[in-house]
Amino acid sequence: MAEYGTGLQVTRVHLVPDGGLGGTGDFLWWHGPGPRRVGSLRVPARAAALVPDLGPVATAALLATGTPYGDGLLHRAAGSASAAAWLRDPRPQAGRLVAHSLAAAARALRALHGVSLPPGPQPLPPPGVRRLREWAAGTAPLAPAAARLRRRAREVWGGDRTERLLGWADDAVRPSGPGAPVVPLHGWASTGSLVPPRSRGRVALLTGEDLGAGRRELDLGWMLGDLVELAWSSPLHRAAESAGLLSVTDLQRVFLGAYEADGSDTGGREGGGHGGGGRDGAGRERGDHGPAGPGYDPVAVGRCAVLRVVTHMRDFATYCEWSDELLDYLAFTAELIDEEGRRAVPRGVS
């Protein structure tokens, strides 16, 4: 049905024929290595063993862990388009579907973060953070465009911003102190990995090779950073409020509100489909009434949102070659570093 990709990853979406594999969706999503990526995509075994089965939790997204198929991973989902694709649709119902899916993803992440890490060797940090750190620190060979981007980043950011970024990356995966435990992480929670149902079924959060361990704020900031980048880069979402559409701030509030809420009062009303989940006057989906869930540090969430935007910029230069648009990204990320990503966490949510 669809095929797209970069030098990092190729995605193919197929309709499941009648009588095909049993499961929870009507579409198969295959993620494979792009032409500039070395090696197959595989799920880290230690981390995969920690992913909870959320089948009985009707209001949470399914953590659709990939199974090996060829040199990639095969996922099952009830939709053929990601939330990122739906966000390009100007119709109000598309925004509501994304809001519903973000709330379901937040509940799934809350469940994943609640799994205790067993004794023994911990899963590695997510690979996205490792790529970011190697690029910013200059500790690994770089593609020509990525090396050029790093030189320009040194000019635009200066050494101080780079050191702050590296410090945030370290803290995200090796936190210290009583308020920052290490938990299982999805590693790439984003609108691109979030699949709303096409007409029935459950939201799916495609899960696999990016699984790891670190601070819960990394997953939260990764999703919110995706939305921050969207608000900056998309004319549609820059004009959302004046057009009467859900703004990025609305979507951020829905996501964090669902993560904070205990989920005990949803009554299964948001189990799937385009009609699932309304919103109250505070911008939350119905059923998310208060911060009864796990706590998080909003400052750390904002910093992790910056990590996500910078990682996307780095990956673009590495796997898609140079574009002068990257100069705009350097200026934008300098602003984000200076404000510590505060725009990712709306006031009054945390």
Side-chain angles (χ1 to χ4, degrees), residues 1-14 28-44 66-75 77 80-85 87-88 124-154 156 165 169 186-195 205-212 218 222-223 225-226 228-230 232-234 306-330 332-333:
M1 291 187 64
E3 180 174 346
Y4 51 90
T6 67
L8 176 65
Q9 181 173 286
V10 174
T11 299
R12 298 181 185 131
V13 184
H14 300 276
L28 291 175
W29 287 64
W30 183 81
H31 288 160
R36 298 188 180 188
R37 184 171 188 165
V38 178
S40 301
L41 271 62
R42 290 295 180 260
V43 180
T67 57
Y69 188 85
D71 58 356
L73 294 171
L74 202 59
H75 307 262
S80 59
S82 69
L87 281 167
R88 295 192 290 269
L124 293 172
V129 178
R130 302 202 303 270
R131 294 197 303 272
L132 165 65
R133 205 188 188 296
E134 290 173 352
W135 171 79
T139 56
L142 299 175
R148 179 180 176 183
L149 179 66
R150 185 175 182 274
R151 291 193 299 270
R152 296 303 297 265
R154 284 288 185 175
V156 174
L165 194 75
H186 179 279
W188 199 267
S190 65
T191 58
S193 61
L194 184 61
V195 182
L205 185 59
L206 307 185
T207 304
E209 71 276 12
D210 294 292
L211 283 164
L218 188 60
W222 218 257
M223 183 71 83
D226 202 14
V228 164
E229 186 177 348
L230 177 73
W232 171 72
S233 63
S234 168
V306 181
L307 299 180
R308 190 267 182 262
V309 179
V310 175
T311 300
H312 185 215
M313 177 182 72
R314 176 264 178 212
D315 284 352
F316 185 93
T318 301
Y319 300 110
C320 301
E321 282 294 352
W322 179 263
S323 166
D324 285 344
E325 183 183 356
L326 291 168
L327 300 177
D328 296 330
Y329 265 87
L330 285 174
F332 174 52
T333 51

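Owing to the predicted nature of the structure, the values given are computational and were not obtained by experimental measurement.
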What distance separates H31 NE2 from Y69 OH, expressed to the nearest 0.5 Å?
15.5 Å
Quick check: does any side chain N or O of R42 sit under 3.5 Å from a backbone N or O of G72, one acting as donor and the other as acceptor?
yes
Run the numbers on R130 and L124 for side chain to side chain contact (heavy atoms under 4.5 Å, CB included), then give the verdict.
CA-CA 9 Å; R130 302 202 303 270; L124 293 172; 3.8 Å; yes
Look only at the side chain of W135 and the backbone of A146, and say whether a donor-acceptor pair between them is shorter than 3.5 Å.
yes
Start with the C-alpha distance between R314 and E134, add both sets of side-chain angles, then the distance that settles salt bridge (charged side-chain N to carboxylate O under 4.0 Å, His left out), and finish with yes or no.
CA-CA 10 Å; R314 176 264 178 212; E134 290 173 352; 5.5 Å; no
Per the side-chain contact (heavy atoms from CB on, under 4.5 Å) rule, which among L327, V228, V310 passes with F332?
V228
Return yes when atom CD of E325 has more than 12 non-hydrogen atoms of other residues, nucleotides or ligands closer than 6.0 Å, and no otherwise.
no
Measuring from R37:CZ to Y319:OH, what's the distance to the nearest 0.5 Å?
6.5 Å
Modelled atom types, side-chain donor and acceptor of E229 and Y329, under 3.5 Å:
yes
Evaluate the side-chain proximity of L8 to T318: yes if any heavy-atom separation is below 4.5 Å, no if none is.
no
Would the distance check show the side chain of R308 and the main-chain N or O of M223 forming a donor-acceptor pair, the cut-off being under 3.5 Å?
no
Inter-residue atom distance D328.CG - M313.CE, 0.5 Å rounding:
11.5 Å
Can you find a pair of side-chain heavy atoms, one from L218 and one from P126, that are under 4.5 Å apart?
yes
Here the pair of heavy atoms bringing A317 nearest to L149 is CB-CD2, 3.8 Å
How far apart are the closest heavy atoms of T207 and L205, and which atoms are they?
OG1-O, 2.7 Å
Nearest atoms (heavy-atom pairs only) where W29 meets T11
CE3-CG2, 3.8 Å
About how many Å separate OG1 of T311 and CG of L165, when rounded to the nearest 0.5 Å?
8.0 Å
Which value, rounded to the nearest 0.5 Å, describes the distance between L41 atom CG and D210 atom CG?
8.0 Å
Checking the side chain of T191 only, and the main-chain atoms of L87 only, is there a donor and an acceptor separated by less than 3.5 Å?
no
In short, A145 meets W322 closest at the heavy-atom pair CB-N, 3.6 Å
pair H186-S193: side-chain heavy atoms closer than 4.5 Å:
yes
Note: L73 and E209 closest approach over all heavy atoms is CD1-OE1, 3.4 Å
Minimum heavy-atom separation for G192 to S82, with atom names?
O-CB, 3.6 Å
Rounded to the nearest 0.5 Å, what's the gap from OG1 on T6 to CG on D315? Could you check?
8.0 Å
